[in-house]
Amino acid sequence: MGYDFQTIEAKWRAYWAKNQAFKADNQSDLPKYYVLDMFPYPSGDGLHVGHPLGYIASDIFSRYKRHKGFNVLHPQGYDSFGLPAEQYAIQTGQHPQITTETNINRYREQLDRMGFSFDWSREVRTSQPDYYKWTQWIFLQLFNAYYDTKENKALPITQLIHLFENDGTSKVEAVRDSDASDFSADEWAQFSDEQKQHILLQYRLTYLSDTEVNWCPALGTVLANDEIINGVSERGGHAVTKKKMKQWSMRIGAYAERLLQGLETIDWPEPLKEMQRNWIGKSVGASVRFQIQNHPEQIEVFTTRPDTLFGVTFMTLAPELDLVRQITTAEQKQEVEEYIDKASKRSERERMADVKSISGVFTGAFAIHPLTQELIPIWIGDYVLAGYGTGAVMAVPCGDQRDYDFAKHFELPIKNIFEGADIREAAFTEKSETVALQHSDFLNGLTYATAMKKVIAHIEAKGCGKGTINYRLRDAIFSRQRYWGEPIPIYYKNGLPQALSLKHLPLELPEVEQYLPTPDGAPPLGNATNWAWDEKKEKVVSNALIDHKSVFPLELNTMPGWAGSSWYFYRYMDAKNKENFVSKEAANYWREVDLYLGGSEHATGHLLYSRFWQKFLFDKGLLPVEEYAKKLINQGMILGTSAFIYRKTGTQTYLSKGLIEGETVEPIRVHISLVNSADELDLEELKKWQPQFESATFELENGKCFVHREVEKMSKSKYNVVNPDEICDTYGADTLRMYEMFLGPIEQAKPWNTAGISGVHNFLKKYWRLFYNEDTWIVNENQAGKKELKVLHETIKKVSTDIENFSFNTCVSSLMICVNELTNLECHSKEILTPLTLLLAPFAPHIAEEIWEKLGNTSSLISVPFPLVNEAHLVEDTKNYPVSFNGKMRYTIPLSLSLDNQAIQEAVLADKRTAEYLGGKTPKKWIIVPNKIINIVI
RNA sequence: GCCUCGGUGGCGGAACUGGUAGACGCGCUGGAUUCAAAAUCCAGUUCUUUCGGGAGUGUGGGUUCGAUUCCCACCCGAGGUACCA
């Protein structure tokens, strides 16, 4: 009997399912261990080979932990709201619910096939009402909370109202909108209900604000930055403009400091923490206010270098600031308008990437320097971004390189305030303690640190500024003009948002005819006819009934993708709970995720947002810990090979790869299944694939259209996914599992190729032959010899430490070496093979179970203890000469010997080969690395 | 541009804390077995060479008795860059 993986795998899959072998209990005497994967988005292409990489690793670890005697929680679910299902719906009219369900079923089949030890009784789907009920509930918790900076935590909004009633804003220390103003208790009492609501909105942790979106009029939809190439839409190449919209935001900024501090308490990869730190971008400095000449407004700037305040020779504003139009003089108006228009067509990313071209326009207005009263010209320039700080900078060309370049380019004055610094070629950007300030009034002669202190004290005393900490982190926009997302549980009364309450949830997604925005630009939910809130009946009713007395319009935006994924790990603990998002008992038992596995591409998205929600829910006393994942491992991405054709800019003409010389083109991805191995594109299939290609024209090479290939992240949206099914058919799931681990270190990104898969499959066949010779079971009861025991225990040691260190690729190598050696030793002793099977179990569970049963065990091996190393079997043979000569001047000493340097020198000198090498000379120098190596230098 | 990671044979990769670079697997070459093939097993396989040796871990410098490993500058690839998930 050969290694019949199909039969074996089917058998054990059925066995595990029937026995619910991986169901975790919320009560146990065993220590708990929670292993979490980032749940997949169920795309239409099915699971691709990149998904399992992390899932296999976490499964190996879960299985290992079970063998080590832990109560392991290893759940799985689906992040099932998202853009692709919606786009598919727009194209085909198919309800995303149906698409999603089909995709999930396919995913489940594929996941089951790979032998993952998931506890499916705890499955969650973010798009299911009984799940998003709680996502909506968390939204309401945020809506009903504000951030108190004195207590440094979120508090109920009712408490804030209380403070307002007693003392107005005088005793309030809270995070709020920058345009919020102060009032007294009397004033508060006299405000109308609407005014009060409006004020509270400036404090709530989720609030409404005006923000910009990418609007594509031709497609009639909002686009993600991802869907835009070279400023036009990826689909169809239409123009994209910026459009202002009232949107929900989340005050993540309130948690900036705690998100930063919390990183110190968790075992996450240092590079990932660094990315989050940089994303939060804390900088210490000062904000300074400049009065605009002949104008009531002031410009507030944030600077990390207030010590250079006397070096300011101009100011630069982001072109999109409203203020720009207000202050621009009549003479400059046209030039400024043109510049604003030009800048609005460039994405923020383009603007940041482009440091070479310097552009800007003078507004004609002047600011007054708060200390010298000098007039300072106000410019606009697109190197200043509206989103960072206040969108305005005080330019100090002698101390900042970008200001310097700007000044040189437009021949603006540069005032050197650094004594002895050479600024003929470049700015002096050092925070120097040796170079003193000059031409800086009361700061003259001071260096960085002291000047900073003194100038901040001075501007604070003068009331024109103060020392501040600024964070690069921006509040998170929470509205999406999409259909396939969680409805926001809000309705509008007199234009002000009103929250639903828990008993009204879930607020279920309404049916719509069209998944696109309405013709007048409202989000897709604007197409719903049953989307109004009857305050009296407390239910959703027809839009026709809206009377603005008791029936009101509901919110039309939905939540972003990250909403549902920001708390799902707690739902797994208690997935069926109808009363609570998670019960106290379940949360207190599992507490937190012990090991979280997922890609680093989520570093500043999901992994930051979920930490924010966690801290908020912790503040509310709803969760036991402030950080939800103790340890995190980033599995590297599996990269795919994408295919591109080129679209002539501004046309519907597509070019074959070889014809792009001298043309302005955008590369457009096409699905890799439409391309053959010679990189030739099937145009007929392409036209069927997406409507934009139906009427397009193609320029071909010898009648063929060739694609350009590029290696990048494997992703549905890049149309480059490879499916694991075929490999499971040909080689089996165990081979796929081991192969993906064998490919290389788990954290490293790697392009997918199947070239080496037969090696791993051969290993499993060879492993099988340790137990079977043709049809004969050849395991014997013989005692194992010294050599065999050494091989086994070396492998146990290596495999255990490697699993603990998540070094699964070297683990597989060790198992291969072990099996080779046992084959050479012709060892079939049960004493060796029984523990060896346990070493294999986490990696190739199906074959391990099968052999385990054949070895005469009556119960499944899932809960069998992992073998322990017996050091006694590892001892080296010490009869050899203590040092061995390798032909040059190097000697090595066996690891097991511990000699002091003196003894080593004596032993080496006693060796006759040494005498030969030295040829009568005396060693000049000894280099001795204990237990490793000796060099003799003559 | 900025932040993060990576670059070692024909290929995926190994090398623990600075100590014999290339473990393990693929591929390739030769052999055994076979009527033959598949499968399996054995040997070889960084490059170069006048067979003494010489060169070699993206490039160029540096530190060190010794560098894939540490430092500096650069080149190339990947991820993220705030509405893909």
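The chains referred to below are lettered A, B, ... by the order of the sequence lines, with proteins before strands, and numbering in each begins at 1.
On the P atoms, G66(B) is 28 Å away from A14(B), given to the nearest whole Å.
Taking atom CD of Gln276(A) as the reference point, atom P of U4(B) lies 13 Å away to the nearest angstrom. Taking atom NZ of residue Lys750(A) and atom P of nucleotide C5(B), one finds them 17 Å apart after rounding to whole Å. Rounded to whole Å, atom C1' of G1(B) lies 13 Å from atom CG of Asp382(A). Spacing between atom CD of Glu794(A) and atom P of C24(B) amounts to 14 Å, rounded to whole angstrom units. Rounded to an integer number of Å, the gap from CD of Gln635(A) to P of C5(B) is 18 Å.
Tyr132(A) pairs by the ring-ring contact (aromatic ring centres under 6.0 Å, His included) definition with Phe81(A), not counting sequence neighbours. For Glu747(A), the side-chain contact (heavy atoms from CB on, under 4.5 Å) partners are Pro745(A), not counting sequence neighbours. Take Ser479(A) and apply the side-chain hydrogen bond (donor to acceptor under 3.5 Å, both in side chains) test, not counting sequence neighbours, and it matches no residue. Residues passing the ring-ring contact (aromatic ring centres under 6.0 Å, His included) test with Tyr404(A), sequence neighbours excluded: none. Residues passing the ring-ring contact (aromatic ring centres under 6.0 Å, His included) test with Phe139(A), sequence neighbours excluded: Trp248(A), Phe478(A). The ring-ring contact (aromatic ring centres under 6.0 Å, His included) search around Tyr609(A) returns Trp562(A), not counting sequence neighbours. With sequence neighbours left out, Asp405(A) forms a side-chain contact (heavy atoms from CB on, under 4.5 Å) with Ile358(A), Gln401(A).
For Leu639(A), counting side-chain heavy atoms from C-beta on, the closest listed nucleotide (U40(B), C24(B), A78(B)) is A78(B).
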Exercise for review: Give the C-alpha distance, both sets of side-chain angles, the deciding distance and a yes or no for ring pair (Phe, Tyr, Trp, His ring centres under 6.0 Å) between Phe406(A) and Tyr383(A).
Suggested key: CA-CA 10 Å; Phe406(A) 197 88; Tyr383(A) 76 100; 5.3 Å; yes
Detail all sub-3.5 Å separations between protein N/O atoms and N/O atoms belonging to nucleotides 67-70 of chain B.
none

Below 3.5 Å is the cut-off: list the nitrogen or oxygen pairs between protein and nucleotides 26-31 of chain B, distance only.
residue, atom, partner, partner atom, Å
C26(B), O2', Ala755(A), O, 2.9

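A heavy-atom distance below 4.0 Å to RNA chain B is reached by these residues of residues 811-824 of chain A, ordered by number: Ser813(A), Met816(A), Ile817(A), Asn820(A), Asn824(A).
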Check your understanding: When you check every protein heavy atom under 4.0 Å of nucleotides 80-85 of chain B, what one-letter string (B, S, -) results, 5' to 3'?
Key -> SBBBBB
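Within the structure, the salt bridge (Lys or Arg N to Asp or Glu O under 4.0 Å) test picks out the following pairs touching residues 801-817 of chain A (sequence neighbours left out): Lys798(A)-Asp802(A).
A67(B) is unpaired under the criterion used here, namely a Watson-Crick or G-U wobble arrangement in which both key atom distances are under 3.5 Å.
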